[in-house]
Amino acid sequence: MASPPDTSKSIKFLRYQSYIRRVNSSKLLKASSKILFRSTLIAALILLIFFTLHNPPISSESPHFHSHTNFLSSAFFGGGGAAWEKQVHRSATARRPGGMTVLVTGAAGFIGAHCSLALKKRGDGVLGLDNFNDYYDPSLKRARQALLSKHEIFIVEGDLNDKPLLIKLFDVVPFTHVLHLAAQAGVRYAMQNPQSYVASNVAGFVNLLEVSKEVNPQPAIVWASSSSVYGLNTENPFSELHRTDQPASLYAATKKAGEEIAHTYNHIYGLSLTGLRFFTVYGPWGRPDMAYFFFTKDILQGKTIDVYQTQEDKEVARDFTYIDDVVKGCLGALDTAEKSTGSGGKKRGPAQLRVYNLGNTSPVPVGKLVAILEGLLNVKAKKHVIRMPRNGDVPFTHANVSLANQDFGYKPTTDLAAGLRKFVKWYAGYYGFQMFLFFFFQSFSRVTSELRNNTSPLEPIRNRERAKKARKK
């Protein structure tokens with residue numbers, strides 16, 4: 001019988017060819033990875049250089065941001081120059097018949113910027129005042145300032161406690177209304193810096209009222225109180241008739257003090273005063289210290305977020321109110337504000353005194369807020385569920401807005417899912433390049449680590465060859 005043909009050489013040759021193919025594939029894969037990595041890095045650097053040349057630090061709504069140094073202090077204006085007064089007059093002049101002339105304090109803030117734009121859009125005169133403090137990132141306030149400037153709204157940089165500055169502003173412009181939104185916000189921060197709340201929310205408000213009572217004609221004043229004044233109230237939904245003498249935080253106490261101060265100046269000096277109790281306002285251009293804002297940031301960055309429960313392990317809920325609804329409420333309050341009745345610091349007759357809730361009337365658990373954000377961001381949140389610390393926050397808010405609806409037609413129309421969708425769209429546009437850089441450098445670190453610890457597909461073959469050599473030795 002003939003012996004079978006010797007195929008060992010063919011097998012060895014096939015194995016050698018397979019080995020060569022794997023070597024070539026490995027080299028090609030590694031070369032391609034390096035080329036792709038370097039191309040991505042070069043593209044990112046080009047984008048970074050382009051962005052830096054054509055934009056300021058990430059703080060604007062578009063690449064056409066321009067920096068404006070609109071500032072004024074009692075030490076700077078020196079009696080007010082002609083150019084400055086011209087700028088102030090241009091901003092404060094109404095463009096519609098019978099239009100209001102409104103001083104908006106806190107105009108570079110979240111609600112202040114939106115209200116200023118809405119007033120200007122319908123033809124009212126608007127002059128802003130803001131001190132651009134650093135309670136949260138001032139670059140966001142500067143970006144709002146730039147947005148307002150594009151709509152010919154001038155913001156004077158100064159503090160409410162600068163009485164000569166306020167006197168000068170009222171000398172230059174006969175304001176028909178004041179929309180007073182400047183305040184030290186935030187419940188928890190009051191435990192770190194209590195004096196800032198007294199200085200802004202009490203002393204600053206009094207200073208504004210002192211100047212307002214002396215001018216002729218006196219302006220009608222609409223100002224920001226807060227839903228926090230309800231404090232430990234357990235009746236739901238919160239009504240303007242409910243007790244507000246049990247504040248749970250210093251912030252709430254200063255806002256409640258503001259309501260009592262408003263009553264005093266109305267009673268003695270005839271100032272028309274309307275307080276608005278805002279309920280957890282959110283939306284585009286919002287405040288970074290608010291939960292919906294920093295939840296979005298932390299979820300995108302893969303950080304763990306704290307989700308509070310009550311001391312009884314129940315879900316914390318808030319009456320989240322979309323910014324457009326709140327703006328309509330503010331304008332409604334301004335439109336229905338009656339004239340003040342005093343002049344030269346003397347009351348001539350009874351004056352209007354009002355307070356209203358501006359909320360959404362639909363409390364939503366914070367857990368649902370997180371779930372909506374997860375869906376919009378397409379990222380699963382890393383949640384740390386803990387009991388709410390005793391830092392002044394309340395477990396539940398729910399607004400009864402029937403009085404505001406009755407007096408100026410206030411009716412919120414934006415649910416939380418729709419409002420958050422608009423916020424996330426703005427957030428992606430505003431922080432888009434920052435988000436790109438963050439995720440790029442995350443990917444950069446991951447790819448670098450993988451390349452550094454790369455295990456070649458040829459490593460098993462090489463290990464076998466090493467083992468054979470070791471056995472031969």
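If you read the sequence from its start, that first residue is 1, and numbering goes on from there. Just the heavy atoms: all of them, side chains too, but no hydrogens, waters or symmetry mates, feed the values below.
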*Would you say His263 has more than 12 foreign heavy atoms packed within less than 6.0 Å of its NE2?*
no
*asked:* When you compare the side chain of Gln352 with that of Leu273, does any pair of heavy atoms fall below 4.5 Å?
replied: no
*So which of Leu165, Asn207, Asn131, Leu166 actually passes side chain to side chain contact (heavy atoms under 4.5 Å, CB included) with Asp159?*
Asn131
*Are any of the side-chain heavy atoms of Ile221 and His177 separated by less than 4.5 Å?*
no
*Is Ser340 reaching over with its side chain to a backbone N or O of Pro219, donor-acceptor style, under 3.5 angstrom?*
yes
*asked:* Regarding Arg354 and Thr336, do their side chains bring together a donor and an acceptor under 3.5 Å, going by distance alone?
replied: yes
*Are any non-hydrogen side-chain atoms of Lys347 and Thr341 less than 4.5 angstrom apart?*
yes
*In chain order, what residues pass the ring pair (Phe, Tyr, Trp, His ring centres under 6.0 Å) check against Phe295, with sequence neighbours excluded?*
none
*asked:* Hydrogens and angles aside, do Arg90 and Gln87 bring a side-chain donor and acceptor to less than 3.5 Å of each other?
replied: no
*Does Asp298 use its side chain to pair, donor to acceptor, with the backbone of Ile305 at less than 3.5 Å?*
no
*asked:* Can a donor-acceptor pair be found, under 3.5 Å and without considering hydrogens, that links the side chain of Asp325 to the backbone of Gly359?
replied: no
*Do the non-hydrogen side-chain atoms of Phe205 and Leu160 ever get within less than 4.5 Å of each other?*
no
*asked:* Can a donor-acceptor pair be found, under 3.5 Å and without considering hydrogens, that links the side chain of Asp124 to the backbone of Met100?
replied: yes
*asked:* Closer than 3.5 angstrom, by distance alone: can the side chain of His398 be matched with the main-chain N or O of Thr361 as a donor-acceptor pair?
replied: yes
_Let me confirm one number: the CG-OG distance from Asn233 to Ser239, rounded to the nearest 0.5 Å._
9.0 Å
*Are Ser272 and Glu338 close enough that a side-chain donor and a side-chain acceptor fall under 3.5 Å?*
no
*Inter-residue atom distance Leu373.CG - Asn378.CG, 0.5 Å rounding*: 12.5 Å
*asked:* Test of understanding: with side chain to side chain contact (heavy atoms under 4.5 Å, CB included), list the residues that count as partners of Lys411, not counting sequence neighbours.
replied: Asn405
*Would you call Lys141 and Asp130 a salt bridge, taking side-chain N to carboxylate O under 4.0 Å as the test?*
no
*salt bridge (Lys or Arg N to Asp or Glu O under 4.0 Å) partners for Asp335, two or more places apart*: Arg122
_Atom CD of Gln246: over 12 foreign heavy atoms under 6.0 Å_ = yes
*asked:* How long is the straight-line distance from OG1 of Thr274 back to CH2 of Trp223, given to the nearest 0.5 Å?
replied: 10.5 Å
*Between atom OH of Tyr269 and atom OG of Ser343, what is the distance when rounded to the nearest 0.5 Å?*
13.5 Å
*For Tyr189, which residues count as a ring pair (Phe, Tyr, Trp, His ring centres under 6.0 Å) partner, sequence neighbours excluded?*
Tyr135
_Can you confirm if the aromatic rings of Phe279 and Phe320 lie within a centre distance of less than 6.0 Å?_
no
*Quick one: OH on Tyr136 to CZ on Phe293, what's the gap to the nearest 0.5 Å?*
9.0 Å
*Using distance alone, with no hydrogens and no angle criterion, decide if Lys256 and Thr244 have a side-chain donor and acceptor under 3.5 Å apart.*
yes
*Is it the case that Arg387 and Thr310 place a side-chain donor and acceptor less than 3.5 Å from each other?*
no
*Answer with yes or no whether the side chains of Tyr230 and Arg243 bring together a donor and an acceptor at under 3.5 Å.*
no
*Roughly how far, to the nearest 0.5 Å, is OG1 of Thr414 from CZ of Arg421?*
11.5 Å
_Between Asn201 and Thr254, do the side chains contain a donor N or O and an acceptor N or O under 3.5 Å apart?_
yes
*asked:* If we check ring pair (Phe, Tyr, Trp, His ring centres under 6.0 Å) with Trp285, which of these qualifies: Tyr431, Tyr430, Phe110?
replied: Tyr430
_Is there a side-chain contact between Ser225 and Lys255 in this structure, where contact means two heavy atoms from C-beta onward sitting under 4.5 Å apart?_
yes
*Please report the shortest heavy-atom distance between Gly286 and Leu140, naming the atom on each side.*
O-CD2, 3.3 Å
*Excluding sequence neighbours, so at least two apart, what forms side-chain hydrogen bond (donor to acceptor under 3.5 Å, both in side chains) with Thr105?*
His180
_I'd like to check the ring pair (Phe, Tyr, Trp, His ring centres under 6.0 Å) partners of Tyr292; sequence neighbours left out, ordered by chain and number._
Tyr282, Phe423
_Hydrogens and angles aside, do Gln184 and Tyr251 bring a side-chain donor and acceptor to less than 3.5 Å of each other?_
no
*asked:* Between Thr321 (side chain only) and Asn360 (backbone N and O only), is there a donor and an acceptor less than 3.5 Å apart?
replied: yes
*Student check: side-chain heavy atoms of Val316 and Arg318 closer than 4.5 Å*: yes
*Side-chain heavy atoms of Asp162 within contact of Pro164, under 4.5 Å*: yes
*Judged by atom type as modelled, is there a donor-acceptor pair below 3.5 Å linking the side chain of Glu374 to the main-chain atoms of Ala381?*
yes
*May I ask you to decide if Ser362's main-chain N or O and Asp319's side chain share a donor-acceptor pair within less than 3.5 Å?*
yes
*Between the main-chain N or O of Asn400 and the side-chain N or O of Asn357, is there a donor-acceptor pair closer than 3.5 Å?*
yes
*For residues Phe294 and Thr296, determine if any side-chain heavy atom of one lies less than 4.5 Å from a side-chain heavy atom of the other.*
no
